[in-house]
Amino acid sequence: MSFTKDGVSRRRLLAGAALLAAPAILPRRLWAADQSVVDLHSPSGNSLRQVSAAFPEKGPMIVHRTRPAWLEPRFEVFDKGVFTPNDQHYVSWHYQTFPTEVDPAQFTLAVRGHVEKTLSLSIKDLLAMPRIELAAVSQCAGNSRLYFEPGVAGAPWANGSMANAMWTGVKLRHVLDLAGIKAGAQAVRFAGLDDPPVDGAPRFMKSLSVDHARDGEVMLAFGMNREQLPLLNGFPLRLVVPGWVATYWIKALNDIEVLDQPDTNYWTAKGYRFPNVPDHTVEPGQTGYDLVSITKLFPRSFVTNLKTGDRVAAGKPVPLRGIAFGGDCGVAKVELSLDGGQSWKAARLGKDEGKYGFRRWEGDLALPGAGTHAVSVRCTNTKGEAQPLKITWNPQGYMRFNVETIHLSAA
Ligand SMILES: Nc1nc2c(c(=O)[nH]1)N[C@H]1C(S)=C(S)[C@@H](COP(=O)(O)O)O[C@H]1N2
Ligand SMILES: [Mo]
């Protein structure tokens, strides 16, 4: 059923579905029903993961944790197209109180705080408003953390906690204007249905400046690739903040609060910060730097048709393709290198589906002789920012965005 009808269908998870089983026995039961195990090739070991299709509305997903769910697709999905299928879109929640059932007929979004008029909007109210649609990449701040060397604490994502979707929804500005922001407002704060799991724990909330919230692109999305959002990705409504890290993209969004003072809540003021130094990169053990909140995405690019260890023919052109994204602007160019970044060869760019989305690239390189060859790919965005060659590292494991390299063996 589509969200474009007069309403959205009721979502329920079946009792006994993977998410509801007792956490203590879940890993073993899932393992027994397992389809396969993948090796994510982390430099620090600990890289075997189970792949499970036991999660509602999800196909086979790599399972890092079950409750709350941390799931990512196998990387091959990114070779199939620039829009990530909904059943392969990664899943991340902070708290085990994430919703396992939502009745859209009962669901309301509150708009309150420093406004002229408090609102309580139903899904039907939102579906009746003017719509916008745009492609945008949602990427977790911790994407690729598994490849940090030395290893760091935090969700051990491989490269798959990113996804591109066509989002449909209502401009946040439209809803804020209906409520009427009062003079002196300082921030707009967002929260979802997942209450803190224990008393005193901070509710998961993020906020944006009033100007950003009113930029006409930040969206209350009920459509993902022109279908309803999967429950695990925030059904029935999520915030979409194009060009910004997914941390801000509050799922199961039911509360918007306009603040007349800066947001001091833990997740905005203390969480999700990284070193305020060039490329946000420090040496292990380094101290004496400031922290800054993570906001915009940085350019990234990946080879998707081949991976480290694959065998190819020496001496003739090897077809290569992949995806790139510019971060908070479009992709200007993608280049390939065989010599560790001393020289670069331009790749061809595929169709532009929107500046915040994935862009396909294609190219080829002839590997000069038998042996192992390092193939690097670099994206430069339309602001002229390029992925750095030096590997980015910080103790939080946030926002890796250096040039990625695969090692192919030619014979
Ligand atoms: N309500 C709510 N929204 C949330 C979160 C959360 O824990 N609760 N996690 C955020 C983080 S850190 C990420 S990476 C994305 C993940 O979105 P996805 O599960 O749809 O991929 O949701 C964001 N929105
Ligand atoms: Mo995240």
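Each ligand, and each atom within it, is numbered from 1 in the order the structure gives.
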field: Full working for salt bridge (charged side-chain N to carboxylate O under 4.0 Å, His left out) between K307 and E404
entry: CA-CA 11 Å; K307 58 184 187 308; E404 299 290 346; over 6 Å; no
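- Within a 6.0 Å sphere centred on NZ of K345, other residues, nucleotides and ligands contribute more than 12 heavy atoms.
- For R321, the salt bridge (charged side-chain N to carboxylate O under 4.0 Å, His left out) partners two or more places apart in sequence, or in a different chain, are D79.
- Note on K171 versus D177: no salt bridge recorded, every NZ/NE/NH1/NH2 to OD/OE distance being 4.0 Å or above.
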One pair per line, please: each N/O atom of ligand 1 matched with every protein N/O atom under 3.5 Å away, atom names first, then the distance to 0.1 Å.
unit_1: ligand 1; atom_1: 1 (N); unit_2: D194; atom_2: OD1; d: 2.9
unit_1: ligand 1; atom_1: 1 (N); unit_2: D194; atom_2: OD2; d: 3.3
unit_1: ligand 1; atom_1: 1 (N); unit_2: K251; atom_2: O; d: 3.0
unit_1: ligand 1; atom_1: 3 (N); unit_2: K251; atom_2: N; d: 2.9
unit_1: ligand 1; atom_1: 7 (O); unit_2: H94; atom_2: N; d: 2.9
unit_1: ligand 1; atom_1: 7 (O); unit_2: H94; atom_2: ND1; d: 2.7
unit_1: ligand 1; atom_1: 8 (N); unit_2: D194; atom_2: OD2; d: 2.6
unit_1: ligand 1; atom_1: 9 (N); unit_2: H94; atom_2: ND1; d: 3.4
unit_1: ligand 1; atom_1: 17 (O); unit_2: R238; atom_2: NH2; d: 3.1
unit_1: ligand 1; atom_1: 19 (O); unit_2: S92; atom_2: N; d: 2.9
unit_1: ligand 1; atom_1: 19 (O); unit_2: K251; atom_2: NZ; d: 2.4
unit_1: ligand 1; atom_1: 20 (O); unit_2: N233; atom_2: ND2; d: 2.8
unit_1: ligand 1; atom_1: 20 (O); unit_2: R238; atom_2: NH1; d: 2.7
unit_1: ligand 1; atom_1: 21 (O); unit_2: Y90; atom_2: O; d: 2.7
unit_1: ligand 1; atom_1: 22 (O); unit_2: R238; atom_2: NH2; d: 3.4
unit_1: ligand 1; atom_1: 24 (N); unit_2: W249; atom_2: O; d: 3.1

Pairs under 3.5 angstrom only: tabulate donor-acceptor contacts from the side chains of residues 180-201 to other protein residues two or more places apart or in another chain.
unit_1: R189; atom_1: NH1; unit_2: D263; atom_2: OD1; d: 2.7
unit_1: R189; atom_1: NH2; unit_2: E257; atom_2: OE1; d: 3.0

Taking distance alone, no hydrogens or angles, what donor-acceptor pairs closer than 3.5 Å link side-chain atoms of residues 235-242 to residues at least two apart or in another chain?
unit_1: R238; atom_1: NE; unit_2: W249; atom_2: O; d: 3.4
unit_1: R238; atom_1: NH1; unit_2: N233; atom_2: O; d: 3.4
unit_1: R238; atom_1: NH2; unit_2: W249; atom_2: O; d: 3.0

